[in-house]
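If you're wondering where the values come from, they're calculated on a predicted model, not measured in any experiment. Numbers restart at 1 for each chain; the letters A, B, ... are given by sequence-line order, proteins then strands. Computed from heavy atoms alone, side chains included, the values below leave out hydrogens, waters and symmetry copies.
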2 protein chains.
Amino acid sequence: MATSRERILDAYADALAVDGERHATLDAVAAKAGVSKGGLLYHFPSKDQLAEALCERLFALAADDVDKMRDAADGPARHYIRTSHYANTPLDRTLVAVARLQQAGDPRARAAIEQISDQWLSVLADALGDRDVARAVKLIGDGLYHHAMSNALGGQPRTPLDEGLLAVIDRLIDQSADAPRT
Amino acid sequence: MATSRERILDAYADALAVDGERHATLDAVAAKAGVSKGGLLYHFPSKDQLAEALCERLFALAADDVDKMRDAADGPARHYIRTSHYANTPLDRTLVAVARLQQAGDPRARAAIEQISDQWLSVLADALGDRDVARAVKLIGDGLYHHAMSNALGGQPRTPLDEGLLAVIDRLIDQSADAPRT
DNA sequence: GTCTATATTGTGATAGAC
DNA sequence: GTCTATCACAATATAGAC
């Protein structure tokens, strides 16, 4: 059994991602985590510290993902596109939750997402040897991610990654292998 | 002088985009629009009708933009990339505001953005003659838009579109002209 | 059309029992 | 560690004066 602290953090991330920042109230999170509001506030004395802890969790999960990306068999770029297809993994749930905090104006959330985004871009640029193609690949991946996430949270069915689009992306990635380093 | 109704709608869009959905309260909107809360509620009897009116405004502005895109001198694709660089136009402000509503779980906002997004994709596909390249261009444009918007609202300085990235996009667009229709 | 109350509910946080 | 009260405040919305 996960600790109460972990269950509360899970419930908070879930409430943020699924119901939106506005509905992620202490009441809702406590109910979802199976504790009382008082119980919740013992582990996280304020709502702000809940957000803080969630950002820390995101950093840890993202660091793991960056490592996996570097070691991916088909290369970081194709790994990034593949995993840009929101799949409700712990990283996905946390990233979407923190994105909600960012949209609500939380400066820590904004800084966290920007920093992690920079890490991903660096790995792509190192692997492709071309910062411009790396940016294009990252933008396409980000666009796919937003789209899939928006569908998932809107209750839409999950569609597979389009083969034709993948072919276009493959051409983009392959072209960089020949291009001179910038 | 704009009508009170228009000023209230402007203030609501501004509050949503700049301060986030949570801070776009009736009090805040009324103050920004220079009317009392009671005055606001005369024009929009509920907060829900404010959101409704904003979605309608978005549809009108987006329809204009689709027309401009079709007639763009450098073609719809390059027009889309150019205007993906958040510039605080009326369309930008309204689109970001409605995006905030979507993120807060408003189903009308979600439907509106999806419908407009589909219109843009259709124009791109018609112009490029290749639905897959059109999707890639749209995803890159969307990614650029999110990034520029996030910077603008985070108070970051506005940076010009990167020349190298534009070259990569140009190659992507040009390659579609030769490709067979799908 | 616009204002000033005011009713009502939801939310974050505290106090103190167990 | 977890709970039940309870407080203070903010938010939507209503009623009715001007």
Legend entry - Inter- and intrachain pairs under ring-ring contact (aromatic ring centres under 6.0 Å, His included), touching residues 119-143 of chain A, at least two apart: A:Tyr80-A:Trp120

Legend entry - Interface residues of residues 96-103 of chain B with DNA chain C (non-hydrogen, below 4.0 angstrom): none

Side-chain donor-acceptor pairs of residues 91-98 of chain A under 3.5 Å, sequence neighbours excluded:
| residue | atom | partner | partner atom | Å |
| --- | --- | --- | --- | --- |
| A:Asp92 | OD1 | A:Tyr145 | OH | 2.9 |
| A:Asp92 | OD2 | A:Ala87 | N | 2.7 |
| A:Asp92 | OD2 | A:Asn88 | N | 3.2 |
| A:Asp92 | OD2 | A:Thr89 | N | 3.4 |
| A:Asp92 | OD2 | A:Thr89 | OG1 | 3.2 |
| A:Arg93 | NH1 | A:Asn88 | O | 2.8 |
| A:Thr94 | OG1 | A:Pro90 | O | 2.7 |

Legend entry - Summary of protein contacts for nucleotides 2-17 of chain D, nucleotide by nucleotide, where a base hit scores B, a sugar-phosphate-only hit scores S (4.0 Å, heavy atoms): BBB------SBBB---

Inset, instruction - Just jot down the side-chain contact (heavy atoms from CB on, under 4.5 Å) partners of B:Ala51, sequence neighbours excluded, or say none. - result: B:Tyr12, B:Leu101, B:Asp106, B:Arg108

Legend entry - Partners passing ring-ring contact (aromatic ring centres under 6.0 Å, His included) against B:His85 (at least two apart in sequence or in another chain): none

Inset, instruction - Apply salt bridge (Lys or Arg N to Asp or Glu O under 4.0 Å) to B:Asp64 and list each qualifying residue two or more places apart in sequence or on a separate chain. - result: none

Legend entry - With sequence neighbours excluded, residues passing side-chain hydrogen bond (donor to acceptor under 3.5 Å, both in side chains) with A:Ser36: none

Legend entry - Residues which pass salt bridge (Lys or Arg N to Asp or Glu O under 4.0 Å) with B:Arg158, listed by chain and number, not counting sequence neighbours: none

